[in-house]
Amino acid sequence: MSTKYVYTFGDGKAEGKADMKNLLGGKGANLAEMNLIGVPVPAGFTITTEVCTDYNKLGKDAVVAMIKEQVEAAVKTTEAAMNAKFDAKDGSFPLLLSVRSGARASMPGMMNTVLNLGMNDETVKIIAEKSGNEKFAYDSYRRFIHMYGDVVMGVEAEEGHHNPFEVVLDELKEAKGYKVDTELTVEDLKVLVEGYKAVIREHAGVDFPTNPWDQLWGSVCAVFDSWNTERAILYRRMENIPSEWGTAVNVQAMVYGNMGDTSATGVCFSRDAATGEDQFNGEYLINAQGEDVVSGVRTPLEITKVGSLRWAERNGTSEEVRQAEFLSMEEAMPELYNELDTIQQKLEDHYSDMQDMEFTIQDGKLWMLQTRSGKRTGAAMVKMAVDMLEQGMIDAKTAILRQEPNKLDELLHPVFEQSAIDAAKELSKGLPASPGAATGQIVFSATAAEDWAAAGKKVILVRRETSPEDLKGMYAAEGILTERGGMTSHAAVVARGMGKCCISSAAGVLVTGTSMTINGVDFKEGDFISLNGTTGKVYEGKVATITPTLDGDFGKLMDLAENNTRMYVRTNADTPADAQTAREFGAKGIGLCRTEHMFFEGDKIWKMREMILAEDLEGRKAALAKLLPVQREDFSGILEAMDGFGVTIRLLDPPLHEFTPNDEASQIEMAEKLGIDVSIVKAKVESLHEFNPMLGHRGCRLGNTYPEITEMQARAIIEAACDLKAKGKDPKPEIMVPLIGTLKEFKMQEDIIRETAAAVFAEKGIKVDFLVGTMIEIPRAALTADAIAEYAEFFSFGTNDLTQMGFGYSRDDAGKFLPIYIEKGILKHDPFQVLDQEGIGQLVRMGCEKGKSTRPDIKLGICGEHGGEPSSVEFCNSVGMDYVSCSPFRVPIARLAAAQANLKQN
Ligand code: ADP
Ligand code: MG
Ligand code: MG
C-alpha cells in the first residue's frame, strides 16, 4: 500500500483522531476528533507532518507530485461534504478554503492562516450572486488578495515604509472620508481588489494567481516553507522543539462570519484562563471574519451575560449603554449561545481539560474551527486541577502531572498590580535573576540599606556587583539591582535564597560609587525605582505591588504531591526565619546551612576578622573563643526552627579574603579596633589575595590547615544540639565537610568532629545523634565516592561547584560567554541552572552508585541551585536520591517536581 499523506474529516467522519498529534499536528488531530464526537466542523483535510519532512529533503516539485493525487481526492471529499465546488466553472456554489499551519506543539512564528482561498474574478461574481450579498463577496475577495499577497507572496512593508496594502486602503478611506472599514461600499471594494492586485504586481514582480489550484499549492508550500523561517527556528530552539517534527497543513472549507447580522466569529474558553474560575467566557463579533476578533480593528463583545456585566462594571459602562451597544452573545443570539455552551462543555468533558476554542457562525449556523487545551496562569493552573479533581473529571495523577512546576513561582512572590505596571515607564532590562516585584528608594551600599530600612524606608540596593559583605544590606533591601553578574552571580544566588527580587546585568546601567546612570540619565540615592525580577525589567518611580495569598487550592495540591512522592524536599537556609518560611512551604529539613553567612550579621564580622588577622595559633584560638558562643546561638536557632528534621550544616567554605575589609575606611576601623597599625591590616589583606580563589584556599582546605576552626564549629553545633535536647527538643545535626577531593581530606575533618563531639558529650553528660558527611562537588570526589562513603554517612551533591569544576567554567565569569554559547546552540541551557545530565549528571550518578556500593544506606541529596529546577529534580529521582534541597521559595516547586518525577518513573 502506498503511504497515506492526506487525512480527511467532515460530516461526522474523520480518518484521524486526537491521539495522532505527531502525524497531524495539534490542530489537525483535534479537528478530526471534533468530527468524531459530533461537533460541527467545516469539512477539510490534513496533510501530514511527514510530508513537511519530505519537503525539506526532496524539495517542492517532488513533494507536490507525490501528494497531488491524494490532495485532489481529498478536495473532492470536501466538495461533497460541503455541497460546493472548488474551481467551479459549471455554475455550482464555489468552495473556498482556509489553509492553516499546525505543528505538534502550538508555535508562534509559523505561517499565518490564508482565508477565502479560491477567489478570483469569476468565483467572486458567482458568490455575490448566489449569496445575494455582493458586499460580502467582494469584502472576502479583497481580504484574500491581501492575505495571500502578504503571507504567500511575501509582499509586506519595507523598512521605514507602511504596509503597501494598507496604504491603498487608507488612501481610499481618506478620499471618501470614512472612519471605519465597514463604511466601504461594494464599488469601493471592487476598487480595492484592483488596487491590491496592482500592489502585488509592483512588489512581487508577478501577477496575483487567479487559478484556485495554483493558489492552493502556493499556500500549502508556503506553510512548509514557514517551518524554516528564522522566527520559527528561533522559537524551536527556545522551546526545545526538534526540527524533525515538521508542521502539518490543514485545508478546510470556509465558513463565513461576515455574511451579515446573523453571522459572527469568536474565541472562547471553557474556564477562566486567568483565575481558573469554572466560568465559560470569551469574545465575539457580529459580521466579522477570523482575525478581526484578535486584531483589535473592532472591539469584540463578551460572550456570556455574566462576562458582559462584569466588563461593563470594570469599564464604567451604564446598563443602558451596554444593552444598546455591547450586548453579549447570550443575549443577542440566545439559541446559538446555548448551542455553543453545550459544545464547550462537551469538549471540556471530552478532553478533561480547559479548552480554548474558535468558532464562526454563518447565517445562523454554528461551526467550530479549533479546540485545544488552553494556556493559563499559575493560579488558574492550580485551581483548575484541584476543581477538576473534586468534580471527578481527572484523577490525582493527572492533576499533578498537568502542573508546570515553574509556574507555581507566580504564586509565591509579590507581583505588580497590572494597571500600575501598564502605566509605568521602563528604564532598563536585565537578567531576571530572582523573581518577584520590588519597589523602593535607591541606596548604593549595604550600610545605607540597613540604616534606611531601620528608619522604616523601603530600599532597593544598587551595586555594580555584590559580595558577601553586602549580605546585611541585601537582607534589608526590598530588591537588588546589579550592573554586572549572571544568573548564578553572588547577588542572584543569594537573592533567590532569600526569596528577594533581583535583576543582574541590567542593560545601560552604570554604577559608580554612590551614583548611577541608566542610559545616560542620572539616579541619586533616595530616588524611587521598581524591579520586576520575573521579567528583568526596571521601572521608574513607585509601582504598586500585591502579595498573592496561598489559597486553599495551593495547599490541596501540595497535599496531593506529598502523597505521591518518593523523595522529600529540604531547603537551603542560613537563618531561623528562612527555615521557618521553608517549613511553611513544606520543607522537611535543611539541606544546606552556609555557616559563613552567619558571620556577616551585626558585629560578628569583627570577631571573624580578628581571627583571620591573628598572628599565630594562640591568637586564632582567642578569637575563636569569642566566636564560639555566637555560632552556638546561630546553630541553636536554626536547629530549633527545624526541630525534628535533619539540618545539614556546612563547615566554613569561602576563602578568608571574603571576610576581610577591602575598603580603606573599614581597614582603618579594623586597625583601631585591634589596636594595631593599619599597614598590618593591609599587609594581611594582601597576603590573602589569590589568583583563583574559587580553586584556592577554601573549603576543607581551611579546616585542614587551621583545625581549630573546625573544632570551634563542631563544638558550637554539638553544644547547641545538647542544650536543645536538654530542653526536650529533637535536634538532628548533620555536619558537612565541604570541598573534599580525597578521602584523607575528609577523614582528618571527621576525626576532629567526632573527637570534639565526644568531648562535649562527656562535659555535658548528654548525647545527641548526629551524622558526619560530605559535599560531593569536586569531580575527584565523585570518582572516588566508594572509598569516601566508607566513612561519610551522607553525600550532598554540590552541583554548583561540580558544574563549575566539571565544565571548567568559572561561575563568576561565565556570564561573558554562556549567553553566546546558548544563542549559538553550543549549549542548550545554562548548566548552572539546568543540570547537565549528559556530563555532570554522570558524575552525580557515579557518586550515588559508588556511595551505595560501600554504604547501602547512605543518605543522598543535592544542595546546588539545581535542587529546585524541575528537570534536574527528575534526574535526582532517577539516580535514587533521598531528597533535593533548594531555596525556601522554590520548595513548593521542588515538591511538585519530585511527585511528578515519581509518577513518571513508576
Ligand atoms: P491560529 O493558529 O493563529 O489560531 P488558525 O489556523 O486557527 O490560526 O486560523 C486563524 C483564524 O482564521 C481562526 O480563528 C478562524 O477565525 C479563521 N479561520 C480558519 N479556518 C477557517 C475556516 N475554515 N472558515 C472560517 N474561518 C476560518
Ligand atoms: Mg487558531
Ligand atoms: Mg561549593
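Counting starts at 1 for both ligands and their atoms, in listed order.
Geometrically, Arg322 does not engage Trp311 in a cation-pi contact defined by less than 6.0 Å to the ring centre and at most 45° from the axis. Geometrically, Lys190 engages Tyr138 in a cation-pi contact, judged by NZ or CZ lying under 6.0 Å from the ring centre and within 45° of the ring axis.
For Lys76 and Glu79, the salt-bridge test fails: no basic side-chain N is under 4.0 Å from an acidic carboxylate O.
Between Thr265 and Ala288 the shortest heavy-atom distance is CG2-O, 3.4 Å. Smallest separation of non-hydrogen atoms from Thr8 and Phe45: CA-CB, 3.9 Å. Closest approach of Phe165 to Asp150, counting heavy atoms only: CE1-N, 4.1 Å. Across every non-hydrogen atom of Thr113 and Met147, the tightest pair is O-SD, 3.3 Å.
Rounding to the nearest 10°, we obtain 100° for the angle at the Mg ion (ligand 2) between Gln370 OE1 and Glu358 OE2.
With a 4.0 Å heavy-atom cut-off, ligand 1 is reached by the side chain of Glu358 but not by its N, CA, C or O. Here Val255 has heavy atoms under 4.0 Å from ligand 1 in both its backbone and its side chain. Neither the backbone nor the side chain of Leu97 has a heavy atom within less than 4.0 Å of ligand 1.
Near Lys27, meaning under 4.0 Å from any of its heavy atoms, are these atoms of ligand 1: 1 (P), 2 (O), 5 (P), 6 (O), 7 (O), 8 (O). Close approach of ligand 1 to Met254 is summarised as follows: ligand atoms under 4.0 Å from at least one heavy atom of the residue are 22 (C), 23 (N), 24 (N), 25 (C), 26 (N). Counting the atoms of ligand 1 from 1 in the order shown, those under 4.0 Å from a heavy atom of Thr113 are 5 (P), 6 (O), 8 (O), 9 (O), 10 (C).
Polar contact check, Arg372 against ligand 1: no nitrogen or oxygen pair lies under 3.5 Å apart. The shortest N/O to N/O separation between Pro42 and ligand 1 does not fall below 3.5 Å. Checking only distances, Thr360 never comes within under 3.5 Å of ligand 1, N or O to N or O. Between Ala253 and ligand 1, at least one N/O pair is under 3.5 Å apart.
Distances from atom 17 (C) of ligand 1 to the heavy atoms of Asp356, Val267, Leu115 show the closest one on Leu115.
Within the structure, the closest approach of Gln289 to ligand 1 does not fall below 4.0 Å when heavy atoms are considered.
Of the residues listed (Arg310, Lys383, Arg376), the one engaging Glu277 in a salt bridge (Lys or Arg N to Asp or Glu O under 4.0 Å) is Arg310, and it is the only one.
Checked against a 6.0 Å centroid threshold, the rings of Tyr337 and Tyr284 do not count as neighbours.
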